[in-house]
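Structure first, commentary second.
Atoms considered below: every heavy atom in the structure, side chains included; atoms not considered: hydrogens, waters and symmetry mates.
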Amino acid sequence: MASQKLTEYERKRLENIKRNAEMVAALNIHSKAATLSAANKRQKTKQVKKPKMENPIVTRRSPRIRVKPPDSKGLSDKFLKPIIMIDAFIGYEKESNKLLVDTILSIAEETQAGFPENEEFNGAKDVKDGNFSGFSEKGTLDSCKNEAFESPVKEEFDEHLDTKKSDPWLKSMDLKPENVAWPMPGRIMEVKFFPCTGISMIAVGNKVGNIAFLNMDSEDEIDDGIYIYGPHTGGISGISIQRYSMSKIYSSGHDGFIRLMDAEKEVFDVVHYCDKTIHCLSQQPNDLWSLYFSEGRGVLIEWDVRTGKSSGNWMLHEDTINTISFNPQNPNIMATSSTDGTACIWDLRSTRSRKPKTMKTASHGRAVNSAYFSPSGTSLATTSLDNNVGIISGFNYEDTSMIYHDNSTGTLNLSFRGIWGWDDSCIFIGNMRKGINVISPVQRTSVMTLQSPQLPAIPWRFDAHPYEVGMLAAATNGSGVCLWTP
């Protein structure tokens, strides 16, 4: 077959291909490429598989991450058994331990003498049964009414109340240099007054599990009236001291322990241990035999000290319960605050059911750090990270109002908690400017700020002395403890 005649384009294309092939041959490119390829193959070595180690290295992981229960055998026997106070004492002068024990027993004996003759206080039973007869002292059972909320403070609250004029002691509150102490290293997590008169004694707990007792009236005592113990291995989350049983002091910690410091036996006894964090601890007013504490996420437990068993267990919140507060005039009414953004009021008589119902739920935009009843029991103050202090009031707690307060703390990881003073007229809460704001629930604003050059850092934990008006203990975000006095 005769070849077809090529077009001009095809003819030029074939010429270009021929010319390029001649250039490649002249450069000897194919030969050089083959040489390089052979050299690379010679350099490659065969990878040898490493033999398995007889004892492989295992990465350490927490039992909680592996969803396994903790091994209590790993705990030292020192912490699973009662700890003798002298063994838990942290200090150079061991005789200080004996001095503290004698002081506490002396206070307890003087307070116990306030019991009326021929009357026996049965603690939890008297409170739950409404047996409030036989006590007439201020702050004792006779001032409590089972159903009526009557304030022990005899003062009329005008809607245009001026806190500065109404409470002259408020303006006179001062922080003296001798009332500032640094009892121990580590951030103070809890602060609590001994509920007594005649001596200013404070108990504080820090983030590493140590508890310090401060006698603020001491002048020439050993160790300046500061006594430190290490009964816990995790941060202190609660301290409870009852007026008519001050020789027995309960403490809870993030290590899952609840301990009883018994000054008569001179031991830190184990009341309860669990594998979960205990976030807070509380007792009903004048109830010596029941403890209420939060465990894990949202669980509230009632613990009978006499039987050593739980008498109630309820899932009240979807997240951590941060505080537990009891109405001082009606111990059956309880309030809880939670990281789930709510504060709830409960009637303990209805929590016996499997699914308890709330009397009132106050919702915030973020976690609620605290919820505390006022001295009259007619109001509840909540503090939240949403920069609000909530006031829940009314006969059935039907009224809710929000008061703006900057509760943000940046990177300091603090949680401000507003507490009531000695009546329903003011709330004390810390601020980031090393001051203490005094909020009026009636005026719905901060009416004044307590400030002092003696205040070493940001105050964030408080306790008002139950019997000394104007005496306020404040713990800072560092390790300072300050006592404001009128």
Smallest heavy-atom separation, I202 atom then A473 atom, equals CD1-CB, 4.0 Å

Could you tell me which non-hydrogen atom of D399 sits nearest to which non-hydrogen atom of G394, and how far apart they are?
OD2-CA, 4.2 Å

With rounding to the nearest 0.5 angstrom, report the SG to CZ distance, C274 to F293.
6.5 Å

Any donor and acceptor pair, going by atom type alone, linking the side chain of N396 with main-chain N or O of E398 inside 3.5 Å?
no

Donor-acceptor pair, distance only, cut-off 3.5 Å: does the side chain of D255 make one with the backbone of T233?
yes

Could you please spell out the steps behind the side chain to side chain contact (heavy atoms under 4.5 Å, CB included) verdict for N313 and E295?
CA-CA 10 Å; N313 188 317; E295 185 178 284; 5.8 Å; no

Just do the side chain to side chain contact (heavy atoms under 4.5 Å, CB included) check on M334 and L300 with the steps written out, would you?
CA-CA 11 Å; M334 176 186 71; L300 177 77; 3.4 Å; yes

Rounded at 0.5 Å granularity, tell me how far CE in M261 sits from NZ in K248.
10.5 Å

Within the structure provided, determine whether E302 and D304 are in side-chain contact (heavy-atom separation under 4.5 Å).
no

Where the side chain of S384 meets the backbone of A367, is there a donor-acceptor pair that is under 3.5 Å apart?
yes

Within-4.5 Å side-chain heavy-atom neighbours: F373 and Q329:
no

Flag, side chain of T277 to backbone of H279, donor-acceptor distance under 3.5 Å
no

Just by modelled atom types, is the G390 backbone N or O under 3.5 Å from a matching donor or acceptor in the T382 side chain?
yes

To the nearest 0.5 Å, atom OG of S374 lies from atom CD1 of I419 at 12.5 Å

Nearest non-hydrogen partners of P486 and G470, listed with the distance
CD-O, 3.3 Å

Ignoring hydrogens and angles, tell me if any N or O in the side chain of D319 forms a donor-acceptor pair with the backbone of S338 under 3.5 Å.
no

Heavy-atom side-chain proximity of F268 to M85 below 4.5 angstrom
yes

Can you tell me if T383 uses its side chain to pair, donor with acceptor, with the backbone of N369 under 3.5 Å?
no

Quick one: pull up NE2 in H254 and NZ in K276 and give me the separation to the nearest 0.5 Å.
15.5 Å

Test side chain to side chain contact (heavy atoms under 4.5 Å, CB included) applied to H317 and T342, step by step:
CA-CA 8 Å; H317 288 273; T342 65; 3.2 Å; yes

Distance-only, no hydrogens or angles: does the N437 side chain make a donor-acceptor pair with backbone N or O of I429 under 3.5 Å?
no

Show the atom names and distances, to 0.1 Å, of all donor-acceptor pairs under 3.5 Å that link a side chain in residues 186-197 to residues at least two apart or in another chain.
unit_1	atom_1	unit_2	atom_2	d
R187	NE	N477	O	3.1
R187	NH1	L412	O	3.4
R187	NH1	N413	O	3.2
R187	NH2	L412	O	3.2

Does the plane of the ring in F257 sit parallel, tilted or perpendicular to the ring in H232? Use 30° and 60° as the thresholds.
perpendicular

Provide the closest heavy-atom pair for N206 versus P185 in the form atom of the first, atom of the second, distance.
ND2-O, 2.9 Å

Considering only heavy atoms from C-beta outward, does the side chain of Y250 approach that of V305 to under 4.5 Å?
yes

Would you please say whether a donor-acceptor pair under 3.5 Å links the side chains of S237 and S252?
yes

Ignoring hydrogens, what is the shortest heavy-atom contact between S479 and P183? Give both atom names and the distance.
O-CD, 3.4 Å

Do F326 and L348 have side chains that approach each other closer than 4.5 Å (heavy atoms only, starting at C-beta)?
yes

Hey, are the side chains of L455 and L175 touching, using non-hydrogen atoms and a 4.5 Å cut-off?
yes

Which pair of heavy atoms, one from Y372 and one from S325, lies closest together, and at what distance?
CA-OG, 3.7 Å

For the side chain of Q242 and the backbone of Q284, is there at least one donor-acceptor N/O pair under 3.5 Å apart?
yes

Would W422 and F428 count as a close aromatic pair, with their ring centres under 6.0 Å?
yes

Would you say that more than 12 heavy atoms from the other residues, nucleotides or ligands in this model lie under 6.0 Å from the NZ of K207, or not?
no

Check the pair S415, R461 against side chain to side chain donor-acceptor pair (under 3.5 Å), reporting the backbone distance first and the verdict last.
CA-CA 9 Å; S415 55; R461 290 288 186 267; 3.2 Å; yes

Check: E318 main-chain N/O paired with D340 side-chain donor or acceptor under 3.5 Å:
yes

How about Y292 and I321: do any of their side-chain heavy atoms sit closer than 4.5 Å?
no

The reported gap from CD1 in I211 to CD1 in I90 (rounded to nearest 0.5 angstrom) is 10.0 Å

Intermediate values then yes/no, side chain to side chain contact (heavy atoms under 4.5 Å, CB included), L100 and Y229
CA-CA 11 Å; L100 173 67; Y229 297 84; 3.4 Å; yes

If we only count heavy atoms from C-beta on, is the T103 to F213 side-chain gap below 4.5 Å?
no

Donor-acceptor side-chain pairing of D424 and S376 below 3.5 angstrom
yes

Quick one: CG on N179 to CG on L472, what's the gap to the nearest 0.5 Å?
11.5 Å

Kindly indicate, with the supporting measurements, whether the criterion side chain to side chain donor-acceptor pair (under 3.5 Å) is fulfilled by T323 and S337.
CA-CA 5 Å; T323 60; S337 65; 2.5 Å; yes

So, T339 versus N322: side-chain donor-acceptor pair below 3.5 Å or not?
yes

